[in-house]
Structures are given as C-alpha cells and as structure tokens.
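Below, chains carry the letters A, B, ... as their sequence lines are ordered, and counting in each starts from 1. Scope of the values below: all heavy atoms of this structure, side chains included, with no hydrogens, waters or symmetry mates.
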Amino acid sequence: MPSFDHKSIDARWQDRWARERTFATPTDRTRPKYYVLDMFPYPSGAGLHVGHPKGYTATDVVARARRMMGFNVLRVMGWDSFGLPAERQAEKENIHPRIITERNIATFKQQLSRLGLSYDWDRELATSDPRYYKWTQWILLKLWEKGLAYQAEVAVNFCPALGTVLANEEVKDGVYIETGDPVERRLMKQWMLRITAYADRLIDDLDELDWPAGTLAMQREWIGRSIGANVDFAMAGTSDVIQVFTTRPDTLFGGTYVVLAPEHKLVDAITTPAQRAAVEAYRAETGKRSERDRMTEAADAPKTGVFTGTMAINPVNGVEIPIWVADYVLASYGTGAVFACPAHDERDWAFATRFGLPIVEVVKGGDVAQAAYVGDGAHVNSAFLDGLDNDDAKDKVIAWLAERGKGERSVRYRLRDWLFSRQRYWGEPFPTIELDDGTVKVLPESALPVILPELDEFKPTSDGRPPLARAVDWIRTADPETGRPAMRETNTMPQWAGSCWYYLRFLSPQRDDVAWDAEEEKYWMNVDLYVGGSEHATLHLLYARFWHKVLFDCGLVHTKEPFARLFHQGMIHKPSFRDTRGRYYYDDEVEKVGSTWLAKESREPVETRSEKMSKSKYNVVNPDDMCDEYGADSLRLYELFMGPLEEGTDWATDGVSGCRRFLDRTWRLAVDDETGGPSGKLADGPSGDQRDVERALHQAIKRVSEGVESLRLNVAIADMMVFVNECTKSTTIPKDWYEQFLRILSPFAPHVAEELWERLGHRTSISAAPWPAFDEAKLKRDTITIAIQVQGKLRGTIDVAADAAEADVLAAARAEPKVVEFLAGKPIKREVYVKGRLVNLVV
RNA sequence: GCGAAAGUGGCGGAAUUGGUAGACGCGCUGGAUUCAGGUUCCAGUGGGUAACUCCGUGGGGGUUCGAGUCCCCCCUUUCGCACCA
C-alpha cells in the first residue's frame with residue numbers, strides 16, 4: 001500500500017491555494033522581483049501530454065523557491081489561442097473556431113491545474129480575446145506610425161493546401177515546417193513589417209543576453225549580416241554598369257568573370273545577338289524549375305550557365321572579363337550579380353572548372369589548381385594589395401574604389417522583411433481601411449478593437465479570397481475621420497502577432513484603458529527567466545525582440561530586450577511501434593520476443609523507434625493518468641529527475657513510481673503507516689552521532705539552492721533522496737532537520753510537503769516559510785578517505801583525519817600493505833599529494 | 001557539404017571541472033516480513049576470472065605522476081543552415 005492518499009491530498013491543497021489566493025502576485029514594492037515565464041501554449045485539441053509539464057514544472061520549482069527566498073514573483077499562464085488548427089477543425093466539424101478554442105482552453109487548464117502549478121490565475125489571458133487583441137492592433141498602429149508597417153506587392157510563399165501565405169521563417173525546403181504542405185512562389189499584395197530596419201540592433205543586442213549559445217548563433221545566422229562592398233563593373237560599348245555585392249573585394253584582382261542571376265534586369269540589354277538564343281533557352285529552363293526544386297537540388301548539383309557575349313571591365317585592373325548568366329547567383333540577394341574569383345570561392349571554382357574559365361591566385365596559402373582557397377594569406381598578383389592580409393587588403397581596396405567612385409562599403413542581410421498577413425479567419429483583423437481612391441490608412445485608437453466578424457463558413461471564398469471576404473457587411477465601412485466610404489482589410493495577422501507582446505500584457509491584464517501599466521512595467525520588466533522549446537529560436541524569439549525594440553523606441557518599455565535569460569527544455573520522447581504498412585500500435589498491443597517486437601494479434605514484426613509524443617503515433621502519455629495513479633508530486637518530481645532539463649529523454653512510467661517511493665519514504669518518516677498518527681521517529685535533537693544525516697541535509701539544501709539558480713534540478717532531487725535514505729536508516733531524526741528538508745522539498749512536491757507541514761503543527765502554508773540556509777562547515781567530514789595510487793593506478797585507500805598533515809598521509813600511504821606489494825621495493829621517484837583526495841606514488 | 005551539441009552499466013543519468021568512474025533512480029538477483037502482493041525492509045548488481053587480479057567512459061593516437069574531463073585524427077547520433085557572393 002502506498003503511504004498516502006494522493007488523490008485527496010492533491011485536491012485538498014489545490015482547493016486551498018485557490019481559495020486563499022496563495023499565489024496572487026504581491027503588490028508591495030519592498031522586495032526584489034522575479035519574473036519567471038513559460039512560453040504559453042497553443043491550446044490544441046489533443047490536450048496536454050507529459051512533455052508539456054517539463055518546462056512548467058521547472059519554472060514552478062524556481063517560482064516557489066524564489067518566493068521562499070524573499071522575492072516577489074510574477075508567475076502567469078495564458079493561451080496563444082489564435083491560429084490555424086482551430087480554424088481547420090472548425091471547417092471539419094462546422095463549429096465556430098472560438099467554441100473549439102474555448103473547449104481546448106478548458107481542457108488544457110483543467111489538466112494544468114491538476115499539477116499544482118503556482119500560477120496567478122487572475123492574470124490568465126488569451127490572444128483571441130478582443131480585450132487582448134485590441135492591444136495587438138494598437139501595437140500595429142505604433143508600427144505604422146514608425147513607418148515599419150507597409151503594404152507591398154511581393155513574391156510570397158503561398159501554401160495552396162492552407163490557402164494562405166507564410167513567412168520566410170515558416171518555410172523550409174519548399175514546405176511549411178508545421179504540416180509539410182508544399183509552398184509555392186506567388187506575387188501578392190501583402191502587409192509587411194520592416195524588421196530589416198532593426199537588423200543591426202537585433203544582432204548587436206544579443207551580446208547582453210544570457211541565452212543558450214546555440215540560439216544566439218541561430219539568431220545571428222538568421223539575420224545573416226555580411227559586411228562587404230558594392231563594386232561597379234563598367235562594360236565595353238555601353239554606359240550601363242553592373243553593380244555587384246561582395247564580401248571579398250580584396251580578391252578583385254582574381255576576378256575572371258561576372259555572373260548575373262537569370263532574373264537580373266540587365267540580362268536582356270547586354271546579351272549579344274549571337275548569344276541571345278542560348279541565353280533565352282537558359283532563362284526558360286531555369287524559370288521552369290520551381291523554387292522548391294532549386295532549393296532541394298542546391299549545392300551538390302553541377303553548376304549551369306551561359307555566356308552573354310558581353311565583356312565587363314574589372315575596375316581594379318581594367319582587364320576585360322566575360323559576363324555569364326547562371327542560376328547559382330540569386331536574384332533576391334545582394335544586387336543579383338557577383339564577380340567571380342574562382343581561386344578563392346568554392347562556388348566560383350566549381351563553375352570555372354566546369355566551363356574552362358581562368359583561375360588566378362591572389363591569396364597565398366592553398367593550391368588553387370586543386371581547390372579554392374578561402375582562408376587568410378598574403379596577397380599576390382594584386383598590384384597595390386600585394387603582401388597585405390585579407391582584412392587589410394579589404395580596407396585598402398574599398399578606399400581605393402571609393403576614391404574613384406567605383407565602389408563603396410556595404411552591409412547586406414539575409415533577413416528579409418516580415419510578411420505579416422495571412423489569408424485566414426482565426427486571427428487578429430487589421431486595424432486598417434482602404435478608401436475608395438485606394439488610400440490605405442490605419443484607424444484611430446478609439447476605433448479599436450476591430451472585432452472579428454461572425455461567420456458560419458471559414459474556408460476561403462470560391463474565387464480564392466480570404467474567409468473574411470464573406471463578411472460583406474463588415475467589410476463595408478466608413479472612415480471615422482472623414483466619413484468617406486471605405487473597405488476593411490480581409491487579411492488577418494499571423495499567429496506570431498499575439499505572442500510578440502503577451503509578456504507585457506501579463507503585467508496588468510485587467511486594464512482596458514492601457515495595454516499595460518507603465519509603473520508595473522518599470523517594476524517587473526524584463527523577464528528574468530523565460531523557458532520554452534528551442535523550436536522558437538528564430539521565429540517567436542526574433543519577432544518578439546523586434547516588437548520590443550519598437551516599443552522601446554516609442555518609450556513604452558524601459559528595457560532594450562524582453563528576455564534577460566532564456567532556457568530551452570528538452571523534448572520528451574517515447575518509443576512508437578509501427579508495422580511495414582505504416583500503421584502505429586499502442587504499447588499494450590505489442591510484445592517483445594527475443595530482441596524483436598511483435599504485434600500481439602497479427603504476430604507481425606513491428607519497428608520501434610523513439611519519437612516526439614504525438615496522438616497520431618500512439619505514443620502519448622497523459623499527465624492525468626499519472627496524477628490518477630501516482631499523484632501530481634510524483635509526476636512533477638519525475639519530470640525533473642529524468643535528466644538535465646535541456647536534454648531530450650525517453651519517457652519511462654516506471655521512473656514515476658521510483659519518485660513515488662521516495663515520497664512514500666518521506667511520508668513514513670513523519671507518519672505511522674498503521675495508525676496514520678505521528679511516526680514517533682521525529683526527535684527534539686540528534687541522538688548520538690548523526691553527522692552523516694546532518695551532512696546529507698546540508699548537501700541537499702546546497703544542491704537544491706544551486707539548482708534553483710542553474711536549473712540543474714535532477715541532481716538536486718538525487719541529493720534529497722540521499723537525505724531520506726539516511727533518515728530511513730536512522731532510528732530517530734531531529735524534527736528540525738526534517739522540517740528544513742520539507743521546505744526544500746516543497747517546490748518540487750508541494751502537495752505532500754504542505755500536508756506533512758500541517759501535520760507537524762504548522763498553521764500557515766509551507767510556501768510562505770523561509771528558505772533554509774546550508775552551513776559549509778556541516779558539509780565537511782572529520783575523517784576522509786584518501787585514494788592511494790601507484791603509477792596512477794588505484795591500489796588502496798586509507799582513512800585519515802580531515803586535518804592530517806601531508807607527511808603523515810604520505811607515511812600512511814607508503815605503509816599500506818597493498819601499496820607495499822605494488823611498490824615491490826622499488827625506490828619512489830615522486831610523491832603526488834592532492835589534499836583530501838589522493839596520493840600517487842611514482843617509481 | 002558547412003556549423004553547433006552530444007556519445008559513460010541492461011536503461012535514464014552522476015562525477016567537486018585534470019584526482020577513488022558509475023551518485024540517485026529504474027530494472028534485475030538473493031534474503032526477511034506478509035494470508036496475499038505492482039507492499040515494505042536488508043544485501044548485491046560495469047565486464048571477464050575460482051581467486052590474485054586484469055579490462056573498462058564511441059574508435060585510434062598524444063600531453064600528464066594521473067584523462068570520462070585537455071589536444072589531434074576518425075566514426076556515429078541529434079539539431080540548425082543549405083549556392084546569401
């Protein structure tokens with residue numbers, strides 16, 4: 001029999017915390033603040049699985065411990081509730097997405113509440129709530145005022161399956177990263193946000209963030225700043241010039257040809273009659289291949305291209321070099337034209353060797369007949385650059401070009417402006433109108449929120465317009481300022497919009513007169529610890545930083561960055577079972593025979609592999625089941641005990657029972673299993689020598705305290721287990737020690753800790769008890785074990801007093817029988833002594 | 001192909017950052033308690049060996065009195081980027 005009834009204990013304390021508003025956000029300003037935030041979830045129809053609470057439990061431990069340490073803690077939860085899945089579900093079931101969303105939120109909240117997470121639920125918010133999205137629209141007005149929102153006819157990523165466009169960040173290898181649906185290029189008029197205007201600050205301010213190094217690198221790469229030069233190439237017999245962008249102007253003397261992208265606007269003008277047919281054929285050929293094909297083939301495919309018939313003049317040495325057209329040059333990056341230096345660029349080298357173009361070495365260091373050399377080195381064959389290294393040569397040649405009006409320093413970015421409209425229903429309507437003369441203007445703040453109109457069908461119209469085109473009466477409106485007839489925008493904002501600023505709305509979610517209270521913002525911002533998945537490294541986290549900087553420029557927030565410290569929790573996986581036809585099986589439908597898995601019914605072999613939990617793969621574990629069987633505290637402990645928070649691990653329900661046994665032992669230290677009364681094991685003070693128990697206590701306090709800071713909570717739990725194991729061995733333990741332990745256990749296992757705390761006579765919640773301090777002196781031992789090595793191999797151990805003198809330790813080491821045996825009478829050449837650790841005798 | 005991270009018992013993972021490898025948990029083996037256990041308690045549990053001992057942190061070299069930890073080469077896995085000039 002388990003020792004305690006988790007069902008009644010969980011329910012009892014959850015009720016009590018809610019009734020007494022135990023975790024209401026403090027309003028005093030006398031204590032230091034700590035804002036700990038989880039990435040809020042999209043409330044999907046599938047509900048929660050045990051992967052979700054991993055991050056939430058970690059932040060809950062931090063929040064609860066910080067409160068006990070004397071911080072005012074802001075800990076909140078909300079819903080990223082606009083988005084595609086609800087809309088698709090709505091189409092399928094013919095139910096309004098709002099109803100579906102409400103239903104899903106109720107499920108999520110119910111599941112979350114069973115975990116005993118210490119959220120201030122009075123601050124709950126949902127991005128699809130008009131009280132919330134009014135302010136999302138309001139921020140768009142700010143972006144407009146700053147000239148950062150505009151409409152443009154652009155080549156977009158259009159996903160036919162979804163009937164909507166997608167942002168660059170949402171597309172990879174020609175498919176939508178969420179669903180795998182193919183994406184094609186189309187020219188459409190869209191809302192754009194000028195995130196590129198913030199590119200430098202988005203890179204430079206990364207330096208001040210305590211974020212995972214990988215995520216910082218990904219953001220830098222995504223923004224992709226390249227510093228180089230624009231260089232003008234004149235052409236024989238025309239006044240046109242070709243401008244190229246290069247990061248290696250120092251290799252200009254090695255430039256042996258120029259390449260234009262097939263779409264480059266000068267291609268037509270410069271192609272000679274003799275080459276026209278070949279060039280036209282090539283352009284037709286490359287134009288036929290979709291963006292997707294060109295992406296997937298990418299780097300390994302042999303390079304293709306044709307000569308235009310025209311020569312360009314290399315500005316540094318006046319040499320005539322041919323102009324080619326090739327699709328390895330992208331129209332959309334830089335100027336759509338490059339000068340090629342095959343000796344020092346791998347792509348150019350591949351192209352030049354294929355088409356027999358000359359390779360001229362200008363940087364020493366490699367063998368350019370064999371491969372391109374891209375490293376640093378002394379310049380040669382480069383006139384006034386000879387002898388310089390890459391950096392010096394770049395500076396010198398840029399200055400040289402600038403003096404002669406042939407070039408200038410230039411910075412380019414991989415980052416493009418953010419495509420901000422979607423042809424969907426379930427999102428924020430734009431607070432904009434278009435007048436009958438085509439003028440687009442934003443509505444005044446007083447006209448907000450622009451409420452999403454009711455529809456009963458959510459598909460795009462039959463002629464391909466967005467779902468909101470169905471809201472005929474809603475679209476027709478008047479300019480509130482002039483009364484002129486106007487049309488509303490039928491696009492909606494992308495799902496990222498709401499999550500770009502929710503951390504600010506949590507500061508004062510009940511206020512309808514402001515987006516957030518300025519005083520609250522000054523006190524609470526920025527977010528001290530932000531925990532969520534690494535899949536948002538270049539999406540949400542980049543967009544949110546961008547908005548935050550705009551709000552900073554508007555004087556609406558006082559920090560440059562929203563999230564001071566970021567942590568990614570690893571994903572929980574579980575083996576799935578699949579037969580050759582791709583059918584998945586639940587784990588109770590298969591069995592292991594020898595080393596292979598068979599489907600129980602068909603006896604067919606099934607393949608097993610560890611995958612991300614997903615309803616469609618039949619490998620989800622529901623936290624409700626864990627709470628039913630083991631209790632919330634056992635689940636919480638296991639979520640964190642599994643391994644380092646940042647790493648992904650396989651779920652093992654057996655591990656939950658191990659955590660439950662730990663709590664059972666904890667319980668039995670205080671409560672008699674038979675009677676349910678006090679165990680009689682808790683004493684007024686130590687009996688005899690209990691320094692081992694005391695040391696285990698202080699070690700646990702130390703590790704848990706450090707773990708709250710470093711989020712290394714798995715080892716913190718291990719040390720708490722050591723303490724309980726020590727106590728289990730003792731006949732009595734001081735009550736005071738046990739209570740100190742309960743306090744450090746309480747952030748992890750709050751229900752059991754509260755219950756025991758109360759049974760020990762406390763009238764107030766353990767969550768309000770002060771955090772115990774550990775004593776370094778109590779961690780020390782009187783006698784320590786010293787390892788004795790001969791030639792670096794362990795040959796024995798000796799126990800000595802902790803303060804034993806070196807000479808005594810060495811003497812004891814030499815006298816150790818095993819050691820004597822291995823020394824075999826040989827003279828000792830060297831004695832290494834590491835204080836308190838080991839002795840190594842070298843012969 | 002480029003970049004980053006990681007490879008430790010049957011399994012999840014520890015290891016004071018160069019100092020006794022395998023903490024803690026799961027699983028397993030034996031014993032005790034129990035009418036009965038998916039109970040609890042005790043003992044054991046990296047591999048080989050009867051033992052002395054030997055071998056062991058993906059593989060191979062190296063530095064060092066001493067390497068899971070540092071250096072070089074290689075292999076594997078995961079993630080990110082993928083002709084960005």
Side-chain angles (χ1 to χ4, degrees), chain A residues 1-3 172-173 212-218 221-222 224-226 228 244-249 251 259 261 294-301 303 326-330 332-341 344-348 350-351 412-416 534-535 537-538 570-571 629 637-638 641-644 646-659 661-662 664-665 668 673 712 714-722 724-725 728-729 779 785-797 821 829-843:
Chain A
M1 273 282 282
S3 293
K172 196 195 153 187
D173 295 335
T215 303
L216 292 174
M218 278 166 66
E221 254 168 56
W222 190 263
R225 179 162 63 191
S226 307
V244 305
F245 171 70
T246 178
T247 55
R248 292 296 305 274
T251 62
V259 191
R294 273 162 82 168
M295 276 176 141
T296 2
E297 289 165 21
D300 331 315
K303 301 261 184 292
D327 73 349
Y328 83 91
V329 172
L330 307 175
S332 54
Y333 185 76
T335 60
V338 304
F339 88 90
C341 177
H344 306 292
D345 182 281
E346 282 163 12
R347 296 151 301 183
D348 298 340
F351 190 83
R412 302 274 169 172
Y413 304 90
R414 203 187 85 118
L415 183 70
R416 309 293 157 85
S534 58
E535 64 274 20
T538 51
M571 210 179 289
E629 193 169 352
L637 275 166
Y638 180 64
F641 184 61
M642 288 178 81
E646 65 274 24
E647 264 154 54
T649 321
D650 275 0
W651 181 262
T653 298
D654 279 346
V656 185
S657 65
C659 290
R661 283 200 273 268
F662 161 61
D664 282 334
R665 281 198 290 275
R668 277 193 296 267
D673 240 356
R712 298 197 40 193
N714 54 328
V715 287
I717 293 168
D719 279 350
M720 289 195 286
M721 289 172 168
V722 171
V724 169
N725 292 345
T728 302
K729 279 186 234 161
L779 294 170
T785 306
I786 304 276
I788 313 299
Q789 299 180 336
V790 179
Q791 303 293 75
K793 291 198 174 191
L794 184 69
R795 295 305 179 193
T797 58
E821 192 181 317
K829 276 202 290 205
R830 191 169 161 194
E831 293 173 333
V832 180
Y833 176 55
V834 181
K835 192 170 186 313
R837 297 236 144 253
L838 62 65
V839 170
N840 190 9
L841 303 174
V842 186
V843 296

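- For B:G9, the base adopts the syn conformation, since its glycosidic angle falls within 90 degrees of zero.
- Contact annotation: A:Thr649 side-chain N/O to B:G13 OP1/OP2 distance is under 4.0 Å.
- Between the side chain of A:Gln791 and the backbone N or O of A:Val843, at least one donor-acceptor pair lies under 3.5 Å.
- With both pairing distances under 3.5 Å, B:C28 is matched to B:G44 as a Watson-Crick or G-U wobble pair.
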TODO: Show your working on side chain to side chain contact (heavy atoms under 4.5 Å, CB included) between A:Asn840 and A:Arg830 and close with a plain yes or no.
DONE: CA-CA 8 Å; A:Asn840 190 9; A:Arg830 191 169 161 194; over 6 Å; no

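- Put simply, NZ on A:Lys835 is 19 Å from C1' on B:G18, counting in whole angstrom units.
- Side-chain contact between A:Arg412 and A:Thr335: present, with at least one pair of heavy atoms (C-beta onward) separated by less than 4.5 Å.
- Side-chain proximity of A:Arg830 to B:U20, B:A14, B:C65: nearest is B:C65.
- Comparing B:A14, B:U20, B:C83 by their nearest atom to the side chain of A:Leu838 picks out B:U20.
- Comparing the P positions of B:U63 and B:C71 gives an interatomic distance of 15 Å, to the nearest angstrom.
- Within 4.0 Å (heavy atoms only), A:Asp719 reaches no atom of the nucleic acid at all.
- In this structure, B:G66 forms no base pair with any nucleotide, since neither Watson-Crick nor G-U wobble geometry is met with both distances under 3.5 Å.
- Distances were taken from every side-chain heavy atom of A:Thr247 (C-beta onward) to each of B:C24, B:C41, B:A85; the shortest belongs to B:A85.
- Shown here, B:U34 is classed anti by the O4'-C1'-N9-C4 or O4'-C1'-N1-C2 angle, which is more than 90° from 0.
- Within the shown strands, nothing qualifies as a pairing partner of B:G18 under the Watson-Crick or G-U definition with both distances less than 3.5 Å.
- When side chains are defined from C-beta on, A:Tyr328 counts as touching A:Asp348, because their heavy atoms get closer than 4.5 Å.
- Candidate nucleotides B:G38, B:A14, B:C81 were compared by shortest atom distance to the side chain of A:Pro644, and B:A14 ranks first.
- For the pair A:Tyr638 (side chain) and A:Gly658 (backbone), a donor-acceptor distance under 3.5 Å is absent.
- Nucleic acid contact class of A:Arg665 (heavy atoms, under 4.0 Å, all strands): sugar-phosphate only.
- Contact annotation: side chain of A:Lys303 to base of B:C83, donor-acceptor pair present below 3.5 Å.
- Within 4.0 Å of A:Glu629, counting heavy atoms only, lies at least one base atom of the nucleic acid.
- In the set B:U53, B:C81, B:G12, the nucleotide with an atom closest to the side chain of A:Phe641 is B:G12.
- In a base pair of the Watson-Crick type (N1 to N3 plus N6-O4 or O6-N4) or a G-U wobble (N1-O2 and O6-N3), with each distance short of 3.5 Å, B:C2 is matched with B:G80.
- Between A:Asp673 and A:Arg668 there is a side-chain heavy-atom pair separated by less than 4.5 Å.
- Taking only side-chain atoms of A:Glu221, from C-beta outward, the nucleotide of B:G3, B:A85, B:G25 with the closest atom is B:G3.
- Comparing the C1' positions of B:G3 and B:C28 gives a spacing of 43 Å, expressed to the nearest Å.
- Distance CZ (A:Arg414) to P (B:A82): 5 Å, rounded to an integer number of Å.
- Going from the P atom of B:U16 to that of B:A23 covers 15 Å, rounded to whole Å.
- Contact annotation: A:Asn840 does not reach the phosphate of B:G19 (side-chain N/O to OP1 or OP2, under 4.0 Å).
- Heavy atoms of A:Gly228 sit nowhere under 4.0 angstrom from any nucleic acid atom.
- Of the candidate nucleotides B:U20, B:G12, B:A14, B:U20 has the atom nearest to the side chain of A:Leu794.
- Separating the CG atom of A:Leu637 from the P atom of B:G13 is a distance of 18 Å, rounded to the nearest angstrom.
- Distance check on atom C1': B:U64 versus B:G19 gives 12 Å, rounded to whole Å.
- Not one side-chain nitrogen or oxygen of A:Lys793 sits closer than 4.0 Å to the OP1 or OP2 atom of B:G56.
- Out of B:G80, B:C41, B:C26, the shortest distance to the side chain of A:Asp654 is found at B:C26.
- Contacts of A:Val842 with the nucleic acid, taken as non-hydrogen atoms under 4.0 Å apart, involve only primed sugar atoms and P, OP1 or OP2.
- B:C52 atom P lies 13 Å from atom CZ of A:Arg795, rounded to whole Å.
- When distances are taken from the side chain of A:Val722 to each of B:G19, B:C24, B:G13, the shortest belongs to B:C24.
- You'll find the side chain of A:Ser332 reaches within 4.5 Å of the side chain of A:Arg416, heavy atoms only.
- A:Asp650 comes within contact range of no nucleotide atom at all, as no heavy-atom separation falls under 4.0 Å.
- When distances run from any side-chain atom of A:Val834 to the nucleotides B:G19, B:C24, B:U20, the shortest one goes to B:G19.
- Put simply, the side chain of A:Arg837 and the base of B:U16 share a donor and an acceptor less than 3.5 Å apart.
- Residue A:Arg412 is out of contact with every strand shown, counting any heavy-atom pair closer than 4.0 Å.
- Nucleic acid contact for A:Thr785: base, since at least one base atom lies under 4.0 Å from a heavy atom of the residue.
- Below the 3.5 angstrom threshold, one finds no donor paired with an acceptor across the side chain of A:Glu535 and the base of B:G80.
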